[in-house]
Amino acid sequence: MKFIHLSDLHLGKRVNEFSMIEDQEYILTKIINVIDEEEPDGVLIAGDVYDRTIPSEDAMKLWDNFLIKLAKRKVPVYAISGNHDSAVRFADHSKLVETTGIHLAPVFNGEVEMVSVEDKDGKVNIYMLPFVKPVVVRQFFPEEEIKDYTDACRVVVEHMNVNEKERNILIAHQFVTGAARCESEEVVVGGLDNVDVSVFDVFDYVALGHIHGKQSIGRETVRYCGTPLKYSFSEKDHQKSVSVVEIGKKGEVAIREIPLVPKHDLREIKGTYEELTCKKNYDGTPVDDYIHAVLTDEDDIPDAMGKLQIIYPNLMKLSYDNKRTRENRKIEDIQDIEKKSELELFEEFYEMQNNQEMSEEQRAFASDLIQSIWGY
């Protein structure tokens with residue numbers, strides 16, 4: 001049985017005050033093309049369909065048109081609300097549209113909507129769990145000890161009474177501990193929204209939403225498919241895609257990705273003002289992409305934003321990277337310390353102290369010294 005896994009459409013989103021509606025309409029058409037080619041048995045949509053709890057008219061039209069296209073193709077849809085959606089509005093008329101094969105998870109009321117489908121290998125049970133908070137789950141299970149998000153999801157899953165002999169899919173919208181975040185996501189201070197991946201052990205595949213970069217957590221079959229578009233410059237190196245999930249006999253799950261090419265990419269360019277405006281430096285990439293321009297000039301360029309927008313009409317952001325902008329950096333600014341080598345950390349420390357990068361000779365000397373000290 002084959003499924004398309006989508007999440008975090010964030011319809012109606014604005015990035016640096018640029019409306020993404022046209023780009024979202026374009027990418028939804030590309031997704032429909034993928035669905036036509038793959039002919040899946042269903043589409044799993046793991047929350048944050050909209051970017052706001054009260055979506056714009058344009059966003060609602062996009063979602064309606066997308067569902068209508070899928071209904072006309074007789075492709076079943078299994079969708080839940082995320083933390084950006086209004087669970088009540090999302091589930092509006094859910095029982096009515098269910099007659100067309102569109103299954104929208106209702107507001108959580110202590111029970112989780114489940115739909116069973118069958119193929120030659122038996123039943124596949126699809127559980128649709130909308131975004132939940134501990135305070136909500138406590139209302140329905142007052143006898144349970146629910147201290148955090150892990151407890152909340154654990155209690156909900158335990159009360160599903162999942163038959164582990166059958167094949168089971170969960171659609172959920174939560175932050176699973178260990179997932180790598182992006183700047184475009186909503187962050188809870190202190191990681192209080194973390195859910196331990198072991199909570200989902202009874203499911204053959206967990207279609208997750210909430211995190212914008214595609215990744216698997218704990219095991220390959222607990223997966224974030226990521227957003228279909230880039231929504232922040234921290235995602236500039238991401239390759240967005242559609243996840244295709246094929247479930248065979250019990251325990252057999254195959255996952256592959258189909259790349260999505262946007263109408264406008266979101267990328268970063270860096271150099272002096274002269275370099276970024278010189279025609280001979282044009283590398284052939286579209287100038288109408290969404291751009292973050294990083295100027296390395298030591299002096300500010302008057303009206304740089306306006307001047308660069310003549311060449312790059314979708315210039316979203318302008319910043320400087322020079323001695324002046326780096327001189328106030330602190331040791332605390334170093335990120336992902338556990339993931340970096342001693343040499344990488346020393347290079348960052350040197351740059352903070354000297355406002356310039358190490359030379360190759362310095363780098364080689366430091367590398368030899370580190371190897372000598374640590375006995376590599």
(request) State, with a plain yes or no, whether a side-chain heavy atom of L28 is found less than 4.5 Å away from one of L11. (result) yes

(message) Counting C-beta onward and ignoring hydrogens, is there a side-chain heavy-atom pair between L266 and F18 closer than 4.5 Å?
(response) no

(message) Between D119 and R167, does any NZ, NE, NH1 or NH2 come within less than 4.0 Å of an OD or OE carboxylate oxygen?
(response) yes

(request) Answer yes if F131 and I146 sit in the same cluster of Ile, Leu, Val, Met, Phe, Trp and Tyr residues linked by side chain heavy atoms under 4.5 Å apart, and no otherwise. (result) yes

(request) Answer yes if Y127 and I169 sit in the same cluster of Ile, Leu, Val, Met, Phe, Trp and Tyr residues linked by side chain heavy atoms under 4.5 Å apart, and no otherwise. (result) no

(request) Please report the C-alpha distance between Y205 and H5 in whole Å, then the side-chain angles of each, then the deciding distance to 0.1 Å, and finally whether the side-chain contact (heavy atoms from CB on, under 4.5 Å) criterion is met. (result) CA-CA 11 Å; Y205 183 76; H5 174 192; 2.8 Å; yes

(request) Look only at the side chain of N125 and the backbone of S116, and say whether a donor-acceptor pair between them is shorter than 3.5 Å. (result) no

(message) Between the side chains of E257 and R223, is the shortest nitrogen-to-carboxylate-oxygen separation below 4.0 Å, so that they form an ion pair?
(response) yes

(request) Inspect the contact between E25 and K263 and indicate whether a charged nitrogen and a carboxylate oxygen are less than 4.0 angstrom apart. (result) no

(message) I need the L276 CG to I269 CD1 distance, nearest 0.5 Å.
(response) 4.5 Å

(message) Tell me whether D151 is salt-bridged to R154, with the criterion being a basic N under 4.0 Å from an acidic carboxylate O.
(response) yes

(message) Is there a side-chain contact between P106 and E113 in this structure, where contact means two heavy atoms from C-beta onward sitting under 4.5 Å apart?
(response) yes

(request) Just do the ring-ring contact (aromatic ring centres under 6.0 Å, His included) check on F108 and F140 with the steps written out, would you? (result) CA-CA 10 Å; F108 181 73; F140 301 100; 5.6 Å; yes

(request) Would you indicate whether the side-chain heavy atoms of Y231 and D8 approach each other to under 4.5 Å? (result) no

(message) Using side-chain heavy atoms (C-beta onward) and a distance below 4.5 Å, is K30 in contact with V261?
(response) no

(request) Using a cut-off of 6.0 Å, state whether more than 12 heavy atoms not belonging to K2 lie near its atom NZ. (result) yes

(request) Determine whether E220 and V253 make a side-chain contact, defined as any pair of heavy atoms from C-beta on separated by less than 4.5 Å. (result) no

(request) Find out whether K240 and L229 are in side-chain contact, i.e. whether some heavy atom of one side chain is under 4.5 Å from a heavy atom of the other. (result) no

(message) Is it the case that atom CD in E274 sees more than 12 heavy atoms from other parts of the structure closer than 6.0 Å?
(response) no

(request) Look at the rings of F233 and H292 and say which category their plane angle falls in: under 30° parallel, 30 to 60° tilted, over 60° perpendicular. (result) tilted

(request) Please tell me if the side chains of L6 and V242 come closer than 4.5 Å, counting only heavy atoms from C-beta onward. (result) yes

